[in-house]
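See structure below.
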Amino acid sequence: MSQDDLKKTILIMDDEDMVCDIAEQILDYLGYNVQITRDGLEALDVYQKMYEQGTPFDAVIMDLNIPGGVGGKDAVKE
């Protein structure tokens, strides 16, 4: 088992590059694995795949509203 296997994994969903970049840098610095998605549909797809593989996310951080897309508010209903 590698050191990366012991890290907690966080899914971040946001449509703004700056938010994603800063969140990823901070969480990586704190020792987390980070997966970035840009809208709720992509986040749901990635979440489901990881869950089915037996490696679910330890936490999910989502932007509630994505202009022209599916935000976290709608994604959590799924």
Side-chain angles (χ1 to χ4, degrees):
M1 188 175 271
S2 74
Q3 192 67 4
D4 279 347
D5 292 334
L6 300 174
K7 288 183 175 182
K8 300 292 183 185
T9 304
I10 298 177
L11 174 62
I12 297 177
M13 185 277 291
D14 199 294
D15 62 325
E16 294 187 37
D17 290 338
M18 187 183 340
V19 171
C20 291
D21 292 344
I22 291 170
E24 184 174 24
Q25 289 175 24
I26 291 169
L27 291 168
D28 183 61
Y29 176 79
L30 293 172
Y32 293 95
N33 288 317
V34 179
Q35 174 76 46
I36 302 292
T37 59
R38 299 300 177 172
D39 71 20
L41 294 178
E42 182 184 6
L44 287 171
D45 184 53
V46 170
Y47 183 92
Q48 183 174 11
K49 286 178 183 173
M50 294 292 284
Y51 183 82
E52 289 171 355
Q53 293 174 4
T55 54
F57 290 97
D58 296 291
V60 178
I61 300 170
M62 302 175 89
D63 184 352
L64 291 179
N65 297 302
I66 303 290
V70 176
K73 196 174 186 180
D74 293 323
V76 297
K77 292 176 186 175
E78 297 295 321

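In the hydrophobic clustering, where aliphatic and aromatic side chains (Ile, Leu, Val, Met, Phe, Trp, Tyr) are joined below 4.5 Å either directly or transitively, Leu44 stands alone.
By the side chain to side chain donor-acceptor pair (under 3.5 Å) test, Gln48 pairs with Glu52, sequence neighbours left out. The side-chain contact (heavy atoms from CB on, under 4.5 Å) search around Gln53 returns Met50, Thr55, not counting sequence neighbours.
Taking CD1 of Ile36 as the reference point, atom CD1 of Ile61 lies at 9.0 Å (rounded to 0.5 Å).
Put simply, the side chain of Tyr32 reaches to within 4.5 Å of the side chain of Lys8, judged on heavy atoms. By the 4.5 Å heavy-atom criterion applied to side chains, Tyr47 and Thr37 are not counted as neighbours.
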Indicate every side-chain donor-acceptor pair of residues 63-78 with a distance under 3.5 Å to a residue at least two apart or in another chain.
| from | atom 1 | to | atom 2 | distance (Å) |
| --- | --- | --- | --- | --- |
| Asp63 | OD1 | Asn65 | N | 3.3 |

Which atom pairs, one a donor and one an acceptor, fall under 3.5 Å between side chains of residues 10-23 and the rest of the protein, sequence neighbours left out?
| from | atom 1 | to | atom 2 | distance (Å) |
| --- | --- | --- | --- | --- |
| Asp14 | OD1 | Glu16 | N | 2.8 |
| Asp17 | OD1 | Arg38 | NH1 | 3.1 |
| Asp17 | OD1 | Arg38 | NH2 | 3.4 |

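Linking ILVMFWY side-chain heavy atoms closer than 4.5 Å, directly or via other members, places Leu41 and Met62 in two distinct hydrophobic clusters.
Sorted by first and then second residue, the salt bridge (Lys or Arg N to Asp or Glu O under 4.0 Å) pairs involving residues 39-51 (not counting sequence neighbours) are Asp45-Lys49.
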